[in-house]
Amino acid sequence: MELIDTPYYLNETHKHIEKVLSFNDTNVVNMQLQIGQTVAEHEVDADVLIIVKEGK
C-alpha cells in the first residue's frame with residue numbers, strides 16, 4: 001500500500017490542483033478549493049471518484 005501525502009496548500013494559493021498518482025488509464029488528483037468555489041459542470045471520458053475530506 002502506498003500512502004500519498006496531500007498537505008493543505010490554501011494558505012499559499014487561491015486553489016490547488018495536482019495529479020498525485022497515475023495507473024492504467026486513471027489519474028488521481030488532489031483538488032483543494034476555497035470556501036464558495038465550485039467545479040463547473042463538465043463531461044470527461046473517464047470514471048470519476050470524489051472523496052470530500054472537509055466541507056460538502
Side-chain angles (χ1 to χ4, degrees):
M1 177 172 67
E2 180 180 352
L3 295 178
I4 300 170
D5 188 31
T6 56
Y8 184 78
Y9 289 103
L10 296 183
N11 290 330
E12 304 164 10
T13 184
H14 187 63
K15 72 178 171 183
H16 175 80
I17 301 171
E18 75 174 312
K19 181 168 53 173
V20 294
L21 179 67
S22 292
F23 57 94
N24 300 330
D25 292 327
T26 303
N27 293 324
V28 178
V29 177
N30 173 25
M31 180 182 304
Q32 298 178 23
L33 304 173
Q34 295 286 351
I35 293 172
Q37 286 184 309
T38 61
V39 176
E41 186 173 331
H42 61 283
E43 293 184 24
V44 295
D45 186 23
D47 294 329
V48 176
L49 171 65
I50 299 172
I51 299 171
V52 179
K53 291 175 64 174
E54 186 175 321
K56 56 181 179 178

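Just so you know, these numbers use all the heavy atoms, side chains as well, and skip hydrogens, waters and symmetry mates. A quick note: this is a predicted structure, and the numbers were derived from the prediction, not measured.
In this structure, T6 OG1 and M31 CE are separated by 13.0 Å, a value rounded to the nearest 0.5 Å. A distance of 8.5 Å separates NE2 in H16 from CG in L10, rounded to the nearest 0.5 Å.
Legend: residues meeting side-chain hydrogen bond (donor to acceptor under 3.5 Å, both in side chains) with H14, ordered by chain and number and at least two apart, are Q37. For the side-chain hydrogen bond (donor to acceptor under 3.5 Å, both in side chains) test, no residue two or more places apart in sequence or in another chain qualifies with T38. Scanning for side chain to side chain contact (heavy atoms under 4.5 Å, CB included) contacts around I35 gives an empty result, with sequence neighbours left out.
Note on V52 and Y8: separate hydrophobic clusters, where clusters join Ile, Leu, Val, Met, Phe, Trp and Tyr whose side-chain heavy atoms are under 4.5 Å apart, directly or indirectly. Grouping the Ile, Leu, Val, Met, Phe, Trp and Tyr side chains by contacts below 4.5 angstrom, directly or via other members, places V29 with V39.
For the residue pair N30 and P7, the shortest heavy atom distance occurs at ND2-O, 4.5 Å. For Y9 against Q32, the heavy-atom pair with the smallest separation is N-OE1, 2.9 Å.
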